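Values below: all heavy atoms of this structure, side chains included; hydrogens, waters and symmetry mates excluded. Letters A, B, ... are given to chains in the order of the sequence lines, protein chains preceding strands, and every chain is numbered from 1. Since the structure is predicted, the reported quantities are computational estimates derived from the model, not experimental observations.
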Number of protein chains: 2
Amino acid sequence: MTITLYDLPSKLAVKGWSPNPWKARLALNIKGLPYKTIWVELPDVERVCKDIGAKPTGTWRTGTPLYTLPIIHDDTNNAVISDSFEIARYLDDQYPDTIPMFPKGSHTLQAAFKEAHERVALVHLYPLMGVTMVRQLNAPSEHYYRTKKGPSSGATFEEVDLKGEARVEQWKKVREGHEIIASWFSKNEEGQFVMGKDVSFADTMLVAWLRVVGLIYGEESDEWKAVLSWQDGWWARYLKQFDQYLAVV
Amino acid sequence: MTITLYDLPSKLAVKGWSPNPWKARLALNIKGLPYKTIWVELPDVERVCKDIGAKPTGTWRTGTPLYTLPIIHDDTNNAVISDSFEIARYLDDQYPDTIPMFPKGSHTLQAAFKEAHERVALVHLYPLMGVTMVRQLNAPSEHYYRTKKGPSSGATFEEVDLKGEARVEQWKKVREGHEIIASWFSKNEEGQFVMGKDVSFADTMLVAWLRVVGLIYGEESDEWKAVLSWQDGWWARYLKQFDQYLAVV
């Protein structure tokens, strides 16, 4: 059995910089499944997807198919799966003796969790990420990202980058969003994973995004230190549970 | 064992018009627990809560304690519980042989589901409900609702009621929100409850709100017929599963 994870590289020491591939990697690491990574620069994604028979995961605004990573190829049954949610579901089905990402009955709730995470926190985080993220990319990906995924206004990432008080206010919204999320955890009866004692895919949604914040700003940055200080270190304690699952292979 | 549910009455034949008490009633009905209802007009809620020793569930903008229904009083151990989520949790704990509202590990996910439901659908629904809702209330509650819960601008419910194209657009947003919710259900492996084959508290969140729409507009209204037609009748089929749990006693 060989699983291949297709991921997006960067200039960072760990290479991985994109949240969705991080979710798939976390799922593989949590499940303890052996795999190798193939790194694909952004301008090559569509060609690679077509080469291996991966389906598009959406459409561009123009209506043409949109190909995204992560993808896994599992040569056990020559399966090619796109989209981190579907990858985790596939791994649950194919490897039932590993830790389940979707404990029984939780698929719909975890899809709703993704939406809630997006609406309370990520929408506020996106405007803070653009220019910092794009500067970590290798030249081909940086050029692609700037020309294809730049602000819809046509401005550059630098031009729309929030500064001064606007930036402080934006980070405040991200923190408030994470406080809301942490309040959901207070409903747990036991354990500090989303599903209590059991890790699940919903955890990878939170960890992947925070991991990317730590990586692109840097572990010693004020931004990352602030995240770890939120709510008397609650998020630092939460993230600590995943130290063992962060390997990039 | 006698459980008493404190709920808000109206001029409607079934009396109950408020979504949160409906969640608690649905939980009691699904669990098959015997209970009786005490109806409390809005201006009497605070006094009744204090009389029975119920805790406030929040604060008014002024900082004074806010008392809300539903509340249950369970004379088995003289317990008084406020807030529909906490009521459902209490009933799970106290009556472990009944259908659980929070299957193992689902507390945090269901809290996130509540937030997602609010943000994708309810925020769009609220502006459509005000004047229709307030007109169903008995005089003391109507007066209280108009003076204490009116639009923050100080206008009347009638003055802010959306009309014409603005109203059509608002209903479109509600429908789109429900389409997003239904898309989460498409992740289910089996069954058409939020947690697949097993009903849970998250279902009562959806059913309570839609039930209130049906009640205050009327089962024969264009609004309710539209809801039942959304997505080729998907919501009609979903709601059909709860017909057996709608009794008001």
When rounded to the nearest 0.5 angstrom, what distance separates NE2 in H107(A) from OG in S186(B)?
-> 11.0 Å

Within a strict 4.5 Å, meaning less than it, do heavy atoms of the K104(A) and D198(B) side chains meet?
-> yes

Who among T108(B), N188(B), I180(B) has the most heavy-atom pairs with chain A under 4.5 Å?
-> T108(B)

Does the side chain of D92(B) come within less than 4.5 Å of E189(A)'s, by heavy atoms?
-> no

In terms of heavy-atom pairs under 4.5 Å with chain B, which of K114(A), M195(A), Q110(A), E118(A) leads?
-> M195(A)

Inspect the surroundings of CG in D232(B) and state if more than 12 heavy atoms from other residues, nucleotides or ligands are less than 6.0 Å away.
-> no

Among A112(A), P103(A), G196(A), which has the most heavy-atom pairs under 4.5 Å with chain B?
-> A112(A)

Applying a criterion of heavy atom separation less than 4.5 Å, what residues of residues 167-175 of chain A form contacts with chain B?
-> none

Who in residues 63-91 of chain A is close to chain B, using a strict under-4.5 Å heavy-atom cut-off?
-> F85(A), E86(A), R89(A)

